[in-house]
**Q** 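First the structure, then my questions, so here it is.
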Amino acid sequence: MSEENVHDVLILGSGPAGLTAAIYTARASLEPLVLEGEPSSTGDQPGGQLMITTDVENFPGFPEGIMGPELMMAFRDQASRFGTDLRQEKASKVDLSERPFKVWVGDPEAAEPTYKANTVIIATGATALMLDLPNEQRLVGHGVSTCATCDGFFFRDHDIAIVGGGDSAMEEAIFLTKFAKTVTVVHRRDELRASKIMQERAMANPKIKFKWNSQVVDVIGEQVVEKIIVEDTVTGEQSDLAITGLFIAIGHRPNTGLFEGQLEMKENGYLITDGDSGRTNVEGVFACGDVQDDTYRQAISAAGSGCAAALDAERWLEANVHG
Ligand code: NAP
């Protein structure tokens, strides 16, 4: 840490991007502080979205695959080994208008910030989108879920549905067949967005059925989910589907609310970085991983961008603070 309790590097987020940035800056003796986030049932939690994933088969170096949480524990152990200070805390406010940058944890109205830092690396990731159905929020945790890994176990021998046509929906549908009697994929078009290999696996699974050109208009149940109302997107006709679990896998939104009005963002809310670098429009503030990537969104690309942001931060500190 530099003078007056100012950290050299403060990293927000502890998914593959944040922890890779931590490994690199820790090995550069910059003693990074990582605010890991707090436990939640969506992607914005310590360890990020891989904590609510099952098998990761495409992370290089693991020919047999590895479980998401296990991979993240390995990232974390590696960051700790080089002296990273990891804290299960979540920023409630940031002030990036002048240096040192200020970060609050807890009461955002507190006069004094919790932390000050010469550089901030933002790796706050993205969070699962919901359908905004009239009864959806009320039934979250009572049959409505965005996390198959967390909740699949509760649906042994049940009929359930999953919404979405991407890789996440296929992966989760396949995973859910370990428990459920049937899994109906409800997709708004008549073709999937998922990669060929995932499509083939889902279609070959006898427990998975597809409801094409269909959107869920509401989820019904007093205490727990009893059925969904599905509308045919071509004819407009509505029908009931009796299920006890509704899993939602329709993509994510970036966790950038804290930075509104302070950092440049795309129209869809993703942070803008300069070319291949992690530089944002504020000097000394860097971003990496899903919070700035609406194209690739892979664990390996997030880790790569975490490395880039760390090297950018290191060079910036050398030129502007320690040089
Ligand atoms: P995605 O690729 O953006 O797919 C989202 C799906 O949800 C699309 O099929 C979309 O329909 C549908 N959708 C979006 N909004 C909807 C709404 N309001 N109502 C109904 N349906 C809606 O998201 P993802 O599946 O989460 O994947 C994100 C990225 O992670 C992708 O790059 C993916 O390849 C990657 N990923 C990879 C793996 C793997 O390799 N094992 C696993 C998971 C994710 P349309 O198709 O009509 O747009």
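One-based numbering along the sequence shown. When a ligand or atom number is given, it counts from 1 through the structure's own listing order.
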**Q** Side chain or backbone of H252 under 4.0 Å from ligand 1, or both, or neither, by non-hydrogen atoms?
**A**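 Near ligand 1, H252 shows its side chain, while the N, CA, C and O stay back.
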**Q** So is E191 close enough to ligand 1, meaning a heavy atom under 4.0 angstrom away?
**A**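 False for this residue.
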**Q** One residue to check: L131. Relative to ligand 1, which of side chain, backbone, both or neither has a non-hydrogen atom less than 4.0 Å away?
**A**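 For L131, only side-chain atoms sit under 4.0 Å from ligand 1.
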**Q** Run the side-chain contact (heavy atoms from CB on, under 4.5 Å) test on R99 and V321 for me, step by step, so that the C-alpha distance in whole Å, both residues' side-chain angles and the decisive distance to 0.1 Å come before the verdict.
**A** CA-CA 11 Å; R99 291 197 301 269; V321 180; 5.8 Å; no
**Q** Would you mind running through ligand 1 and noting each atom that sits below 4.0 Å from a heavy atom of G166?
**A**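 Result: 4 (O), 6 (C), 9 (O), 25 (O).
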**Q** Answer with side chain, backbone, both or neither: which part of Q215 has a heavy atom less than 4.0 angstrom from an atom of ligand 1?
**A**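 Neither part.
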**Q** Identify, by atom number and element, the atoms of ligand 1 in contact range of Y296, meaning under 4.0 Å from any of its heavy atoms.
**A**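 With Y296 as reference, the close atoms of ligand 1 come out as 32 (O).
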**Q** Under the side-chain contact (heavy atoms from CB on, under 4.5 Å) criterion, do D85 and V34 qualify, and how do the steps go?
**A** CA-CA 6 Å; D85 183 356; V34 176; over 6 Å; no
**Q** Could you find the nearest protein heavy atom to atom 47 (O) of ligand 1 and give me its residue, atom name and distance?
**A**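 Here the closest protein heavy atom is R189 NE, 2.7 Å.
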**Q** Restricting to non-hydrogen atoms, name the atom on V56 and the atom on M67 that form the minimum distance, rounded to 0.1 Å.
**A**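 So the two residues come closest at CG2-C, 4.5 Å.
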**Q** What is the minimum heavy-atom distance between S14 and M72, and which atoms define it?
**A**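 Nearest pair, atom of S14 first, then M72: O-CE, 3.8 Å.
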**Q** Taking the six-membered ring of F82, is NZ or CZ of R27 closer than 6.0 Å to its centre and within 45° of its axis?
**A**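 Verdict for F82: a cation-pi partner in R27.
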**Q** Geometry only, no angles: is G165 polar-contacting ligand 1 at N/O separations under 3.5 Å?
**A**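 Yes; the residue has a nitrogen or oxygen that sits under 3.5 Å from a nitrogen or oxygen of the ligand.
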**Q** Of R76, K90, Q88, which meets side chain to side chain donor-acceptor pair (under 3.5 Å) against E36?
**A**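 Checked R76, K90, Q88 against E36; only one passes side chain to side chain donor-acceptor pair (under 3.5 Å): R76.
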**Q** Run down the list A249, S168, A128 and name the one with the heavy atom closest to atom 26 (O) of ligand 1.
**A**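 Nearest option to atom 26 (O) of ligand 1, by heavy atoms: S168.
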**Q** Should L35 and V105 count as side-chain neighbours, where that means a heavy-atom distance under 4.5 Å?
**A**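 Sidechains of V105 and L35: in contact.
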**Q** For atom 8 (C) of ligand 1, what's the nearest protein heavy-atom neighbour? Residue, atom name and distance, please.
**A**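 Result: R193 NE, 3.6 Å.
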**Q** Between I250, V56, T295, flag the one that comes closest to atom 14 (C) of ligand 1 by a heavy atom.
**A**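 The option holding the nearest heavy atom is I250.
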**Q** Can you tell me the protein heavy atom closest to atom 3 (O) of ligand 1 and the distance?
**A**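 In this structure, atom 3 (O) of ligand 1 has R297 NH2, 3.8 Å as its nearest protein heavy atom.
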**Q** In the protein, which heavy atom is nearest to atom 41 (N) of ligand 1, and how far is it?
**A**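 The protein heavy atom lying closest is E171 OE2, 3.2 Å.
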**Q** Strictly under 6.0 Å, is that where the ring centroids of F155 and F247 end up?
**A**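 Centroid distance F155-F247: below 6.0 Å, so yes.
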**Q** Among all protein non-hydrogen atoms, which one is nearest to atom 23 (O) of ligand 1, and what is the separation to 0.1 Å?
**A**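 Result for atom 23 (O) of ligand 1: G251 CA, 3.8 Å.
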**Q** Could you please spell out the steps behind the side-chain contact (heavy atoms from CB on, under 4.5 Å) verdict for F286 and I122?
**A** CA-CA 6 Å; F286 305 87; I122 299 168; over 6 Å; no
**Q** Given E112 and K102, is the salt bridge (charged side-chain N to carboxylate O under 4.0 Å, His left out) satisfied, shown in steps?
**A** CA-CA 9 Å; E112 282 302 310; K102 300 179 189 68; over 6 Å; no
**Q** Looking only at non-hydrogen atoms, find the nearest pair between T84 and A26 and report the distance.
**A**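 Smallest heavy-atom distance, with atoms named: OG1-CB, 3.5 Å.
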**Q** Write out the residue and atom name of the closest protein heavy atom to atom 20 (C) of ligand 1, then the distance separating them to 0.1 Å.
**A**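 Going by distance alone, atom 20 (C) of ligand 1 is nearest to R188 CD, 3.8 Å.
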**Q** Compare D294, N58, V186 and give the one whose heavy atom is closest to atom 40 (O) of ligand 1.
**A**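 Selected option, by shortest heavy-atom distance: N58.
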**Q** I'd like to check I160 versus L176 (side-chain heavy atoms, cut-off strictly below 4.5 Å). Are they in contact?
**A**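 Result yes, sub-4.5 Å side-chain heavy-atom pair found.
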**Q** Side chain, backbone, both or neither: which applies to V216 and ligand 1 if a contact is any heavy-atom pair less than 4.0 Å apart?
**A**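 Within the 4.0 Å criterion, V216 makes no contact with ligand 1.
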**Q** For atom 36 (N) of ligand 1, what's the nearest protein heavy atom and its distance?
**A**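 Of the protein heavy atoms, D167 CB, 3.7 Å lies nearest.
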**Q** Does Q298 reach ligand 1, in the sense of a heavy atom lying below 4.0 Å from it?
**A**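 Within the 4.0 Å threshold, so yes.
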